[in-house]
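These numbers were taken from a predicted model, which means no experiment stands behind them.
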Amino acid sequence: MNPGLFGQDAALPAVVVLWVVFLAAAGLFTVRARYLVRLLRLGGSEHRRGDLGRRLALVVTEVLGHRRLLREPFGLAHLAIFWGFVVYASAFGFTLLKGLVPSLPYPMPEEIAPVALALDVFGVVVLAAVVVAAVRRYVLRPSRLKQSRDAGIILTIIGSLMVTSLASRAADPASALALAMWWGHVLLVLAFLAYLPYSKHLHLLAAPFSVFLTDLGPRGRLRPAGALGDGALNAREFTWRELLNPFACAECGRCDRVCPSHLSGTALSPQKIVHHLKEHLLEAGPILLRGIPQDGHHRDLVGGIVSPDELWACTTCYACMDRCPVMNEHIPLIVRMRRHLVAHGDVDPRLQDALTALSRYGNAFGQSPKMRAHWTQGLEVRVKDIRREPAEYLWFVGDYASYDPAAREATRAVARLMHRAGVDFGILYDAEVNSGNDVRRVGEEGLFESLAEKNLAALARCRFEAIVTTDPHSYNTLTHEYPDLGGRWPVLHYTELFERLLQGERLRPVHPLGRRVTYHDPCYLGRYNGIYEPPRRVLSALGTHLVEMPRTRANSYCCGAGGGRVWMTEPPGLRERPAESRVREAAALDGVGTLVVACPKELAMFRDAVKTAGLEGRLAVRDLAELVEEAVGLEVSRVA
């Protein structure tokens with residue numbers, strides 16, 4: 001580098017100018033970074049430091065490897081920009097240090113031939129990726145890609161960095177052009193450093209921490225509510241990790257693109273939920289840091305920035321969290337804000353009725369507990385009362401499988417099949433109450449604990465080796481949340497049990513079905529708990545030809561019932577219910593006339609959607625147990 005700012009005779013040495021600019025940029029960066037850390041410290045404590053190996057592995061795969069982003073066509077361009085940034089930042093660190101302290105005994109990175117070649121190659125690749133990103137953003141303009149000034153500034157800076165870097169090495173090292181390009185490159189980098197913590201691209205710094213500090217517990221476990229304030233919900237009632245979400249958010253919209261409620265036209269946008277928290281933090285943070293009482297100096301978070309309609313529209317399907325490239329945690333934020341609404345009585349009337357019924361009767365149908373086992377009447381097989389005699393399996397039947405008319409016949413089919421296979425099972429009869437999975441997710445933590453305690457007390461009095469469940473929601477909370485309350489038993493979903501029974505030839509198909517079917521992965525069975533193969537293996541054993549829908553397995557589209565939505569009125573702005581979209585997707589498959597489900601709620605949701613979508617006669621919705629019963633030749637009289 002030429003020792004003068006513009007040449008040998010310049011009055012002001014380059015090193016002095018470089019120090020001034022560097023200190024100014026570093027100062028702006030440090031001031032903002034310290035302030036943001038103070039905002040995070042407003043949140044409550046949360047332990048996220050265990051299992052260092054897994055956390056580092058996630059950083060490698062999700063940050064360095066862009067695993068989630070590479071699912072998409074433009075993921076490779078983003079990976080190229082990222083690694084170009086890493087390579088150039090590393091090289092620039094050495095360049096800057098050499099510029100600040102010219103006496104250091106090492107050459108500039110561009111003076112080392114292999115390094116210079118790598119910089120040139122990466123420079124061209126990154127420049128091409130920037131062009132691709134700009135074309136996508138400003139020419140193709142995907143409808144769900146948020147347009148922002150920040151994005152344009154960052155693309156311009158990155159592109160300019162590549163141009164100045166490439167030009168400085170291409171020009172004669174002694175020329176004014178090379179010097180101008182070198183200084184242009186340095187000043188752009190330092191300007192970017194100062195700008196970064198003030199822009200949406202703060203996620204470049206926060207995302208690695210978000211990934212490293214992700215919750216390593218089961219996906220299906222919500223943390224307890226903790227202490228709730230008496231007044232408006234504010235940053236102090238979130239944890240520091242929850243407050244990190246908005247700083248890590250890249251505002252890429254990938255969560256919105258898979259959210260069934262957002263795609264159906266409701267007010268919910270998972271991305272905006274995270275952004276709303278950032279609005280609150282930046283608006284209320286200075287007041288909270290100064291300890292000023294909340295007396296109207298800022299808007300309330302819930303009701304002022306976030307509307308109740310946004311929060312109640314969520315189905316807690318986990319699609320947003322599964323797709324987020326920085327591993328933000330949207331659902332805990334939504335549930336925490338729902339808890340505030342419940343505590344203040346701001347609840348959908350139908351949901352309030354359901355919660356009241358759950359509190360009084362232990363089920364959302366408002367039915368007497370004595371009616372819970374009514375489905376067993378007229379059944380051709382005996383169902384043990386496990387409270388009075390032991391069994392290998394305690395069958396936790398669940399509300400919908402017990403009470404809903406659309407699901408009861410499938411429940412009887414499960415009972416007949418287990419009896420045919422010689423499975424020793426029993427049920428709790430009227431001692432069973434709702435598992436509480438969806439109760440917890442609508443924000444009624446106290447009711448969840450009450451229901452769980454009743455079930456745990458009943459289970460503790462019974463003798464069994466494992467639990468089998470019909471409802472994926474019950475499976476989830478029994479598996480992941482009851483252990484926190486002292487209830488630890490092996491838990492199977494009935495599709496897993498049927499797979500074992502078929503593999504062990506305790507159930508033998510005698511009438512191969514030979515039909516084309518499609519299968520819907522329930523959110524709480526698939527995305528939450530990774531149970532994808534057992535139901536598919538059962539369908540294969542029955543002789544069906546499975547045709548997968550475009551959105552399948554981890555990308556399965558929610559039916560719309562989860563998160564307590566099944567108990568609520570339709571949200572404002574709804575264009576088409578998620579269940580209707582899903583049955584249209586199934587009906588569009590060539591030669592498929594049967595949609596197979598493995599959740600009692602889905603039977604009700606999809607059968608109703610078939611009617612409202614005008615698909616009666618074209619698509620039948622069947623529970624997996626009904627197909628197994630047909631294949632093994634159990635011809636029985638149907639009980640209404």
Side-chain angles (χ1 to χ4, degrees), residues 1-2 5 14 18 21-22 25 29 60 63-66 69-70 72-100 102 104 106-140 150-196 199-201 203-205 207-208 250 252 325:
M1 185 185 86
N2 197 305
L5 179 56
L18 189 58
V21 176
F22 167 70
F29 178 92
V60 171
V63 179
L64 303 182
H66 277 40
L69 283 175
L70 289 178
E72 304 175 4
F74 287 93
L76 194 59
H78 197 285
L79 182 65
I81 293 175
F82 169 80
W83 273 104
F85 176 82
V86 171
V87 170
Y88 270 84
S90 302
F92 179 79
F94 286 99
T95 298
L96 179 63
L97 188 57
K98 179 72 171 178
L100 293 171
L104 288 173
Y106 66 79
M108 289 288 193
E110 57 267 24
E111 294 172 346
I112 304 172
V115 175
L117 177 61
L119 291 173
D120 288 341
V121 171
F122 270 98
V124 172
V125 170
V126 171
L127 198 55
V130 167
V131 171
V132 170
V135 168
R136 177 178 180 245
R137 179 171 290 276
Y138 299 111
V139 179
L140 300 179
D150 265 352
I153 291 173
I154 293 298
L155 284 177
T156 301
I157 289 177
I158 294 174
S160 300
L161 285 172
M162 298 305 103
V163 169
T164 53
S165 177
L166 292 168
S168 68
R169 288 192 298 278
D172 184 343
S175 68
L177 176 61
L179 186 61
M181 290 295 102
W182 190 92
W183 273 103
H185 186 75
V186 169
L187 293 175
L188 277 170
V189 173
L190 292 177
F192 181 72
L193 176 68
Y195 172 70
L196 190 60
S199 74
K200 87 178 189 71
H201 283 77
H203 76 270
L204 293 173
L205 300 175
C252 63

Using modelled atom types only, decide if a donor and an acceptor are shared between the side chain of [X] and the backbone of [Y] within a distance under 3.5 Å.
X: Trp83; Y: Gly65; answer: no
X: Lys98; Y: Tyr106; answer: yes
X: Ser165; Y: Met162; answer: no

- prompt: Are more than 12 heavy atoms from other residues, nucleotides or ligands located less than 6.0 Å from atom CG of Leu97?
  reply: yes

If you measure from [atom1] on [X] to [atom2] on [Y], what distance do you get to the nearest 0.5 Å?
X: Leu117; Y: Ile112; atom1: CG; atom2: CD1; answer: 13.0 Å
X: Phe82; Y: Leu204; atom1: CZ; atom2: CG; answer: 8.5 Å
X: Leu188; Y: Thr156; atom1: CG; atom2: OG1; answer: 10.5 Å
X: Trp182; Y: Leu187; atom1: CH2; atom2: CG; answer: 8.5 Å
X: Ile158; Y: His201; atom1: CD1; atom2: NE2; answer: 6.5 Å
X: Thr95; Y: Leu119; atom1: OG1; atom2: CG; answer: 8.0 Å

task: Could you check if a side-chain atom of Val186 sits within less than 4.5 angstrom of a side-chain atom of Thr164, using non-hydrogen atoms only?
output: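 Side chain of Val186 against side chain of Thr164, heavy atoms only: no contact under 4.5 Å found.
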
task: Looking only at non-hydrogen atoms, find the nearest pair between Phe22 and Leu100 and report the distance.
output: CD2-CD1, 4.0 Å

Closest contact, heavy atoms only, Leu18 versus Gly99: CD2-C, 3.4 Å

- request: For Leu79 and Leu70, run side chain to side chain contact (heavy atoms under 4.5 Å, CB included): C-alpha distance rounded to whole Å, both residues' side-chain angles, the deciding distance at 0.1 Å, then the answer.
  value: CA-CA 8 Å; Leu79 182 65; Leu70 289 178; 4.3 Å; yes

- request: Please assess Val21 against Trp183 for the test side chain to side chain contact (heavy atoms under 4.5 Å, CB included), listing each intermediate value before the final yes or no.
  value: CA-CA 11 Å; Val21 176; Trp183 273 103; 5.6 Å; no

query: How are the rings of Phe92 and His185 set relative to one another: parallel (under 30°), tilted (30 to 60°) or perpendicular (over 60°)?
result: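 It falls in the perpendicular class, over 60°.
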
